[in-house]
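Notes follow the structure.
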Amino acid sequence: MILPIVSYGSPVLRQKCEAISSNYENLDILLADMWETMYNASGVGLAAPQINKSIRLFIVDSSPFYDDDKKDSLKKVFINPEILTEDGEEWVFNEGCLSIPGVREDVVRKSNITIKYQNENFVTITEKFDGVNARVIQHEYDHINGILFTDKVSTLKKKMIKGKLNDVTKGITPTDYRIKHFK
Ligand code: NI
């Protein structure tokens, strides 16, 4: 089932989400709904707060960034993740967010991460990622801590996108997927 995506201005996007346990009810249905919702909106990642659930869970499928070489792309569920290290070069990547339609900005982040997480079977895994895969994970990881990519742009850029963010908050930015703005 496609779920509405919560948009900028909603308090759930600003909460530090709660960890979940292996007996979390109907997790398989939630994950299926999240995949469907993300693909329907042509996203490469979706965090639970974006579908109005304040839990430490996100999904990633970076394959649209790997046109020729899909084997380097990443499709995974991350539950209760913890980024252990972030290092390597700082690099700029133009980010967007399904909760912030109509806004794209360059964001600087480090290139390499080590992350510990549980998969959909609650098996604990520690893994390293780099490049675009790391980037998508970093963006989604921020979501479960109440952080949005627009927080990470310069003061000048923040001023420049203020009007667009107000439009998203009011729910007047057009999208080709279902969005739910905070009233
Ligand atoms: Ni996002």
Side-chain angles (χ1 to χ4, degrees), residues 2-18 20 30-31 33-66 73-83 86 91-111 113 115 117 129-154 157-158 160-162 164-182:
I2 294 168
L3 306 168
I5 293 176
V6 167
S7 68
Y8 186 91
S10 304
V12 68
L13 294 179
R14 291 308 194 177
Q15 289 167 7
K16 190 169 160 62
C17 298
E18 298 288 330
I20 61 168
L30 174 65
L31 288 172
D33 288 348
M34 284 180 69
W35 286 117
E36 194 180 354
T37 301
M38 185 186 83
Y39 289 129
N40 175 254
S42 304
V44 293
L46 186 70
Q50 294 182 275
I51 47 111
N52 207 22
K53 293 218 178 288
S54 194
I55 57 173
R56 301 186 75 76
L57 158 66
F58 61 81
I59 58 172
V60 171
D61 183 352
S62 68
S63 59
F65 289 121
Y66 293 84
S73 71
L74 161 73
K75 182 181 174 181
K76 272 184 205 295
V77 172
F78 293 83
I79 297 170
N80 303 326
E82 190 187 344
I83 291 183
E86 267 184 297
W91 68 297
V92 174
F93 189 77
N94 195 253
E95 295 189 24
C97 181
L98 295 176
S99 294
I100 318 177
V103 179
R104 297 199 70 91
E105 288 298 336
D106 286 347
V107 178
V108 178
R109 299 184 195 263
K110 288 189 171 154
S111 59
I113 61 165
I115 187 169
Y117 64 97
F129 295 98
D130 59 15
V132 172
N133 290 336
R135 176 63 65 137
V136 180
I137 292 169
Q138 288 162 319
H139 176 114
E140 300 310 325
Y141 185 78
D142 274 352
H143 270 299
I144 62 170
N145 291 317
I147 299 164
L148 301 170
F149 82 92
T150 46
D151 301 343
K152 305 210 154 201
V153 303
S154 67
K157 279 279 166 60
K158 279 196 186 101
M160 287 167 68
I161 61 176
K162 204 166 183 228
K164 283 185 181 179
L165 292 177
N166 286 339
D167 288 351
V168 176
T169 302
K170 286 186 229 151
I172 60 177
T173 307
T175 52
D176 54 11
Y177 50 89
R178 224 172 119 207
I179 207 153
K180 194 174 151 204
H181 73 280
F182 185 73

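Every heavy atom of this structure was used, including side-chain atoms; hydrogens, water molecules and symmetry mates were not. First listed ligand is number 1; within each ligand, the first listed atom is number 1.
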Below the 2.8 Å mark, what number of protein N, O or S atoms do you get around the Ni ion (ligand 1)?
3

Would you say that I5 contacts S99 through its side chain, given a criterion of any heavy-atom pair below 4.5 Å between the two side chains?
yes

For atom NZ of K162, decide whether the heavy atoms of other residues, nucleotides or ligands shown that lie under 6.0 angstrom number more than 12.
no

Distance, nearest 0.5 Å, that separates CZ of F58 from CE of M38:
12.0 Å

Taking only Lys NZ, Arg NE, NH1 and NH2, and the carboxylate oxygens of Asp or Glu, determine whether K152 and E95 approach each other closer than 4.0 Å.
no

Side chains of N80 and I20: does their closest heavy-atom pair fall under 4.5 Å?
yes

Would you indicate whether the side-chain heavy atoms of R135 and F65 approach each other to under 4.5 Å?
no

